[in-house]
Amino acid sequence: MQRRKFIKNSIAASLALHPLTKSFGRNVSLVSFNDKLNGPPKPVFIYNDWSSYDELSDNIPLTEELAMKELKEVLRLKNSGVQIDYYLMDAFWFDRDGGYRTWHKQHWPNGAGNWLRSCKENNILPGMWFSTNLIFGGGNIILNMIPEWKSSEATDPGILCLFEGAYLPHLANTLQLWYNEGVRLFKFDFAYFEAATPEAKAKYSLDEIKEKNKVAFMQMLQKFRAKNNDVLIVGYNGFGGVLDNTYTPFAKTVDPRWLDTFDTLYSGDPRFSDVPMMNIWRSEDVYHDHQNREFEFNGLPLRRIDSCAFMNGVTGTCYSRAMHCWKGMLILNLARGGWVNVYHGNMELINDEDAKWFAKVQQMFHHLQGKDSISSFGGIPGMALPYGFKAVDENGVVCTVVNPSQQMASLQMPVNNFHQSKLLYADGGFTPTIKNDTIILGAEQMAVVGFDAYANDKYDLGRDETIQIPQSITKLEAQFTRGKNNSIECELNNLPIADIRIIFQQFGKDGNPYRTWGGAPPNGKKMDELIRIIVKQDDKEIDTRKEYDKMIWSGLSWGAVEAKQRSIDQSKPLFIQCSTEEKDPLTLKTNVYSVQY
């Protein structure tokens, strides 16, 4: 099934004038709320088993054996000092015929009793996933219609009406049943507010139908919370936001009333940004940073945004990321300031030494999150401008900074009247330099800087030498000409004694990045088969280093490779050809760089 494509603003003034922002295209009625009385009462940490299994972008099922294995790993991490408060059982725990009241009979033949008991015995609060009102879509059955829901069947049989029929009251009773079993976290996904019974569709306009569905769902969850005030309720797909790219101008797409219903809203599943990078995982980091900024623009306090960014799973949903560049992924997930910190995936991949480092990072940011004084600064991530997140307490400041561009960049950090600073963390390779309140970062580099009390060795997080940032990068003059179909080519002479980095992008008629989709595992195509970069000398293809050679369910608008210096004869021309399998005419652009490590 294809996933649904769906800032109190610390930079409201600058964003209002920014080319990536625009105002509402329609009138939206705002409601006032006391934000201090809404959202999680404190930062919490959640393990979510999604991406250790994956039944949407892969074919690995959720079973009791898998879930209990991951619970064992969660407890191991806790023993190493990692804080985990909840275990959220994600999609497909349920039997298709059980109306969310029966666990999958094949994969959980004895039900969830063992898991629920084990969570309780180990001071872990259980959580459960629910589809808001989608039961069938994209050729996949999520749930079969049960008699109690039939009166809510919509004209689109894959979704259920929320304001007419018995589905919503039945769902409300189901939530209470699970609460009574000890469940304290409820995740809602796949909301389709256009759902209407035939009678409702004949009576109301589409806007009226959407409003009635929204209000009915809000009121149900608000009543549920009023009765059970220790629940955590989180919203995922269908509750606003532009989630499928990083170029759409920021717009008010999140109904602020959701802040009276959900503790947090998520800002998108892991995707790669439209900012091309050699380190594809840093491009994914930039996607989440960009989405955080979009939801901040929509008026969400940072603590109410779930960036959903930490996935070290081995399945298609996170492109089998596993432990690739995981340290930066963890730091950024914490530095963004959300009070719902979610860790998805295969916890067995985090060894005991990694767990100690994990706990150290988590402890520092847990304290800083609790101060509720984290803010974003700098440029818009999707525009490849340097940016960062600033965390403050009474003793000092921690700035987490990123340079998403293909050049060295300086970034002024918004820190005043400090006495000392220290580089606490950086990617390997180029060493960032700090002068006063300004840091110089290498291309694609991330770093953490501590000021005053945090400029102390006890907060030092080391360097991630699995990432190598170039010591220098220089854009080369390269004149590309149009080739056959959707291709461009170039002959590059006067080659430098260096590695050659090639960044290839494709754009649609509207001038925006154009994503190509090759499908998901196990039967999808790898992106380097669809967006091709070929480098040759003497008509012989040269091997290149690349990281975009993956099956990517969310699509990609670019490719990036490096030809190593040792593979190139500098005395001969280098032939570069970039092409796409897309059939519609596209604008193709390629930049070539000399890089030295």
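Position 1 is the first residue of the sequence, and the numbers go up from there. All values below were derived from every heavy atom in this structure, side-chain atoms included, with hydrogens, water molecules and symmetry-related copies excluded.
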* Asked: Shortest non-hydrogen contact from Lys252 to Gly299?
  -> NZ-N, 4.2 Å

* Could you tell me whether the side chains of Asp85 and Gln83 share a donor-acceptor contact shorter than 3.5 Å? => yes

* Short side-chain donor-acceptor distance under 3.5 Å, Asp269 and Tyr266 -> yes

* Do the ring planes of Phe45 and His366 sit parallel (below 30°), tilted (30 to 60°) or perpendicular (above 60°)? -> perpendicular

* Starting at CD1 of Ile531, measure out to CG of Asp549 and round the result to the nearest 0.5 Å. => 12.5 Å

* Structure fact -> Taking every heavy atom of Arg304 against every heavy atom of Pro40, the minimum-distance pair comes out as CD-CD, 4.3 Å

* Classify the angle between the aromatic ring planes of Phe94 and Trp129 as parallel (below 30°), tilted (30 to 60°) or perpendicular (above 60°). => parallel

* Asked: Ile280 and Lys550: which non-hydrogen atoms are nearest, and at how many Å?
  -> CG2-CE, 3.9 Å

* Residue pair Ser51 / Thr315, side-chain donor-acceptor N/O under 3.5 Å -> no

* **Stepwise ring-ring contact (aromatic ring centres under 6.0 Å, His included) check, Phe186 with Tyr179** => CA-CA 9 Å; Phe186 296 84; Tyr179 178 89; 7.2 Å; no

* Test item: Asn144 side-chain N/O and Asp97 main-chain N/O as donor-acceptor pair under 3.5 Å -> no

* **Nearest-0.5 Å distance, CG of residue Leu88 to CD1 of residue Ile124** => 12.5 Å

* Asked: Is Asp255 paired with Lys214 through a side-chain N to carboxylate O contact shorter than 4.0 Å?
  -> yes

* Partner set under side chain to side chain donor-acceptor pair (under 3.5 Å) for Gln222, not counting sequence neighbours -> Thr261

* Asked: Would Tyr236 and Asp306 count as having a side-chain donor-acceptor pair, cut-off 3.5 Å?
  -> yes

* Just by distance, do the side chain of Asn292 and the backbone of Phe295 share a donor-acceptor pair under 3.5 Å? -> no

* Asked: For Ser131 and Asp189, does a side-chain donor sit closer than 3.5 Å to a side-chain acceptor?
  -> no

* Please answer whether the main-chain N or O of Leu62 pairs with a side-chain N or O of His107 as donor and acceptor at a distance below 3.5 Å. => yes

* Asked: Under 3.5 Å, is there a donor-acceptor pair between the Ser52 and Asp49 side chains?
  -> no

* Could you check whether the rings of Tyr87 and Trp115 sit parallel, tilted or perpendicular, using 30° and 60° as the cut-offs? => perpendicular

* To do: Indicate yes or no for a side-chain donor-acceptor contact from Gln369 to the backbone of Leu334 under 3.5 Å, with no hydrogens or angles considered.
  => yes

* If you measure only the distance, is there a donor-acceptor pair under 3.5 Å linking the side chains of Gln176 and Asn180? -> yes

* Asked: Does Val286 offer a backbone N or O that forms a donor-acceptor pair with the side chain of Ser273 under 3.5 Å?
  -> no

* Asked: Between the side chains of Ser152 and Glu164, does any donor sit under 3.5 Å from an acceptor?
  -> no

* Asked: So, the side chain of Asn133 versus the backbone of Tyr192: is there a donor-acceptor pair under 3.5 Å, distance only?
  -> yes

* State which residue, out of Tyr287, Trp558, Tyr319, fulfils the ring-ring contact (aromatic ring centres under 6.0 Å, His included) condition with Phe272. => Tyr319

* **Point-to-point distance, once rounded to the nearest 0.5 Å, from CH2 of Trp50 to NE2 of His344** => 10.0 Å

* NZ of Lys525 to CD1 of Ile552: how many Å apart, nearest 0.5 Å? -> 15.0 Å

* Test item: side-chain donor near acceptor, Asp90 and Asn48, under 3.5 Å -> yes

* Hey, are Arg101 and Thr174 close enough side-chain-wise for a donor-acceptor pair under 3.5 Å? -> yes

* **Backbone of Arg225 reached by a side-chain donor or acceptor of Asn229 within 3.5 Å** => no

* State whether Asp285 and Arg282 are salt-bridged, where the test is any N-O pair (Lys NZ or Arg NE/NH1/NH2 against Asp/Glu carboxylate O) under 4.0 Å. => yes

* Output yes when a side-chain donor or acceptor of Tyr47 lies under 3.5 Å from a complementary backbone atom of Gly345, and no otherwise. => yes

* Asked: Parallel, tilted or perpendicular for Trp149 and Tyr100, by the 30°/60° rule?
  -> tilted

* For the side chain of Glu181 and the backbone of Leu116, is there at least one donor-acceptor N/O pair under 3.5 Å apart? -> no

* Asked: Any side-chain donor-acceptor pair under 3.5 Å between Glu208 and Ser205?
  -> yes

* **Ion pair Glu194/Lys210, N-O distance below 4.0 Å** => no

* **Sequence-distant partners of Glu73, salt bridge (charged side-chain N to carboxylate O under 4.0 Å, His left out), two or more places apart** => Arg76

* Do Gln506 and Thr580 meet the criterion of a side-chain donor-acceptor pair at a distance under 3.5 Å? -> yes

* **Residues which pass salt bridge (charged side-chain N to carboxylate O under 4.0 Å, His left out) with Asp230, listed by chain and number, not counting sequence neighbours** => Arg184

* **Donor + acceptor pair across side chains of Trp339, Thr264 (<3.5 Å)** => no

* For residues Ser557 and Tyr247, is any side-chain donor paired with an opposing acceptor at under 3.5 Å? -> no

